[in-house]
Engineer: 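Here it is, the structure, as structure tokens.
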Amino acid sequence: MATLVNGTSPEAVEMMKATSNGVFEGESPLNFALPLVILQICVVVAVTRSLAFLLRPMRQPRVVAEIIGGILLGPSALGRITAYKISLFPARSLTVLDTLANLGLLLFLFLVGLEIDLKSLRRTSQKAISIAAAGMLFPFAMGVVTSFAFPEVSFSSGDNNRVPFIILMGVSLSLTAFGVLARILAELKLLTTDLGRISMSAAAINDVSAWILLALAISLSGDRTSLLVPLWVLLSGIAFVIACLLIAPPVFKLISRRCPEGEPIDEKYVCLALCAVLIAGFATDAIGIHAIFGAFVIGVLFPKGHFADAIVEKIEDLVMGLLLPLYFVISGLETDITTIHGLKSWGRLVLVIVTACFGKIVGTVSAALLTKVGLRDSLVLGVLMNTRGLVELIVLNIGKDRKVLSDQTFAIMVLMAIFTTFVTTPLVMAFYKPSETTQTQDNDRYKNRKRRRKIESDKEEEQTQQLKVLICLQSVKDINPMVKLIEASRGRNKTKESFCVYVMHLTQLSERPSSIRMVQKARRNGLPFWNKKRDKVVVAFEASCNLRNVSVRSVTAISPLLTVHEDICSSADSKHAAFVILPFHRQWRSLEQEFETVRSEFEGINKRVLENSPCSVGILVGRGLSDNDSEVASSSFSFSVNVLFFGGGDDREALAYGLRMAEHPGVKLTIVSISGPEISISDILETQETSPFLLDQQFLAAVKIKMGISTRFEERIVNSTDEVVKIIQEFCECDILIVGKSSERPFVSKLPVMMKMDYPELGPVGNLILLNEMCTSVSVLVVQQYTTRNPSVVGSVSVAVMEMP
């Protein structure tokens, strides 16, 4: 920016030295550029991340928090404190801060360009083009009309900046923030749906068109001594784009061919690509447009693929985490909301917000309805295309930098950008409730189809069906316990048709550009896509697996942690899984003999899966199974399993899974039936045939008849909870202990842990095992049986799942 805060010009500001000699030499670090900019960056990151955390429950994109944070640090709030302004953001320090901010912006626009695929745009459907055109032209026209309500037009008809102001207002009201829209769609799991693809294609066309119009506005703005200057700027800009089209793609494709996929990218190629971005930025700045245009053009022309992915991964954290937030502060320091005073000023703010929303939504909805998109989807499209954010802020800052916008108009337009972006997610969620549609479709699809939802079954047709198990991985540490459990669970199957394992790596959706690119690759129709692309954790699992006669398929679920349980439940339902196995949210440290909490959010995920799962669920607490001392998928595989049976549906499911494991030639199973004092014969006669007690007795009777040579059965009668604890300690000498989550026996409810359970998702027995000092080496599998009493809530999108071979 050529002008600093409060109109202070760079020439009038004394420049700061880079570093100080230290406080012991009597020098304050705040009087020197480097320590001051470090403090400024830390303050900016702390404020914006804190606001992002506060806005997270409302599912707002981080850009909203960053814009608000910049305003709070500026003259609208904290900047009104003189001591704060002089010490933390003095005018003489803003040149350095502004330079770093614009460098971050330049690299960010390069990342935005990388997200736009020209090949996809060429394949864009006529529907998306029509929606993009209507969503651009109608609000642009309304922006032009609205501009006449501002003093820049009405009272300065002879000003050179009148035409640029009109164009700038039209662009401001008509653009869509492509990057922010992608993150909102990914957050709502709509990015890979038909609705998401249409909105992303239309936003990409919209974005490119807006940048062209903005370049035109810039070329016409400023103090021009000759009418030929804008023409030369425009022609030079066109020549620059043509030169990039002829030179950049062949060079980058040559470099990309020299970087084989799957191998590290050579440092010199990364350096060459970044230098090209900087040179392009220098060229467009020299032309008189803006440095960000050159970076954006290079990003758009950059070949999409593994080379682009590597570039993004190397620079995105530095750009998004440290440099880009500085741009919001620079914008915030330029934004003074107090300049909006008087009825006319507030009336202009309301007018801009109404025309921006009305023009964008009505234009998009009208075009969508004409192209035979449903009314609800058309409304959602209109709201999504009304998303603004950083791109809007860039346009406004360029306008203010070129003295096209006044301080008051700039503040009004910034507030409009915040409002329109803030309301997008709530409005989309109000119009679009896909889970209801999904449930209806699932009921219609499966109401006449028999499927297996649990391990226990007295129906011969279900017992002969393929057993499908969905395994979830949080990190690499979950691989060894899960591999050993799956090997033990394959039973005696001789073909892959009888046992199928689906492996899902749970990955948190972030604000990174690479995260959005991963979503586009890993999801189809809004749901996890079981394709051949694998991330590092899944590859490590398959390398460690090497299981015999087990069909293994994998996927990466990229979602916000608050809603990733929907992916788990939807995948389990679509794949007809009978059992879902989740890792415990705490990792066991063998040397210290204690748990460490890796990510507390996964505790909530496990609880929500237990509540909504369409099949039975198990939570694996892997302790001894994490060691690498035992072989997997070999003739020497040996595994000891103990099942504690108290009674109830969960315990029957746990025992059924244990019996499945006992079919493996290397597994030894011990069943311990624990019961209280014998109940009277009259009590038995009074019970119904379907009572839990009689179901347990019938189930145990069938088990005694069918159990094999490697299975041992013991019955224990207890009179106190102390005896229960002793039995648990006695049978902890095994590789894994399988228990049910809940038991319907009275003596279980009297266990000491019932007063306060640290891990409710593990049930009373699971908590008792983890808290018992005598059971520190045994792994535990806590099982919950699927019941129809708690219908599952599965799915997050209103489309069918794409089945892949």
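Count residues from 1 along the sequence.
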Engineer: Does R92 reach the main-chain N or O of A33 with its side chain, forming a donor-acceptor pair under 3.5 Å?
Structural biologist: no
Engineer: Would you check if I184 and V428 make a side-chain contact, meaning some heavy-atom pair closer than 4.5 Å?
Structural biologist: no
Engineer: If you measure only the distance, is there a donor-acceptor pair under 3.5 Å linking the side chains of N397 and R402?
Structural biologist: no
Engineer: Considering all heavy atoms of both residues, which atom of G294 and which atom of T284 are nearest to each other, and what is their separation?
Structural biologist: N-OG1, 3.3 Å
Engineer: Show your reasoning for whether side-chain contact (heavy atoms from CB on, under 4.5 Å) applies to T420 and E392.
Structural biologist: CA-CA 11 Å; T420 53; E392 177 82 8; over 6 Å; no
Engineer: If you compare all heavy atoms of I412 against all heavy atoms of S345, which two are closest, and at what distance to 0.1 Å?
Structural biologist: CD1-O, 3.8 Å
Engineer: Is K360 reaching over with its side chain to a backbone N or O of L173, donor-acceptor style, under 3.5 angstrom?
Structural biologist: no
Engineer: So how far is it from I353 CD1 to L415 CG, rounded to the nearest 0.5 Å?
Structural biologist: 7.0 Å
Engineer: Please assess R49 against R62 for the test side-chain contact (heavy atoms from CB on, under 4.5 Å), listing each intermediate value before the final yes or no.
Structural biologist: CA-CA 8 Å; R49 291 303 175 105; R62 198 168 70 198; 3.3 Å; yes
Engineer: Are the side chain of S147 and the backbone N or O of V144 linked by a donor-acceptor pair below 3.5 Å?
Structural biologist: yes
Engineer: Is there side-chain contact between V329 and F89, with at least one heavy-atom pair below 4.5 Å?
Structural biologist: yes
Engineer: What heavy-atom pair brings K304 and G299 nearest, and what distance separates the two atoms?
Structural biologist: NZ-O, 3.3 Å
Engineer: For V297 and C244, work out which heavy atoms get closest and say how close.
Structural biologist: CG1-CB, 4.0 Å
Engineer: So, applying side chain to side chain contact (heavy atoms under 4.5 Å, CB included) with V391, which one of V180, L181, L175, T176 is it?
Structural biologist: L175
Engineer: Taking all non-hydrogen atoms of both residues, which atom of L36 and which atom of S93 are closest, and how far apart?
Structural biologist: CD2-CB, 3.4 Å
Engineer: Should we count CZ of F419 as having more than 12 external heavy atoms under 6.0 Å?
Structural biologist: no
Engineer: Flag yes if more than 12 heavy atoms outside Y84 fall under 6.0 Å of its OH atom; otherwise flag no.
Structural biologist: yes
Engineer: side-chain contact (heavy atoms from CB on, under 4.5 Å), that's the test. Do T409 and S406 meet it? Break it down for me.
Structural biologist: CA-CA 5 Å; T409 305; S406 65; 3.0 Å; yes
Engineer: Does CG belonging to L246 count more than 12 external heavy atoms closer than 6.0 Å?
Structural biologist: yes
Engineer: Whether the side chain of N102 engages the backbone of D98 through a donor-acceptor N/O pair (distance < 3.5 Å, no angle test) should be reported.
Structural biologist: yes
Engineer: Without swapping roles, check the side chain of S76 against the backbone of I337 for a donor-acceptor pair under 3.5 Å.
Structural biologist: yes
Engineer: For F328 and I71, run side-chain contact (heavy atoms from CB on, under 4.5 Å): C-alpha distance rounded to whole Å, both residues' side-chain angles, the deciding distance at 0.1 Å, then the answer.
Structural biologist: CA-CA 8 Å; F328 294 99; I71 293 175; over 6 Å; no
Engineer: Do Q408 side-chain atoms and T339 backbone N/O form a donor-acceptor pair below 3.5 Å?
Structural biologist: yes
Engineer: Does the S199 side chain pair with the main chain of G196, one donor and one acceptor, at a distance under 3.5 Å?
Structural biologist: yes
Engineer: Where does the angle between the aromatic ring planes of F302 and F110 fall among parallel (under 30°), tilted (30 to 60°) and perpendicular (over 60°)?
Structural biologist: perpendicular
Engineer: Can you give me the closest heavy-atom contact between H341 and W346, atom names plus distance?
Structural biologist: CA-NE1, 4.1 Å
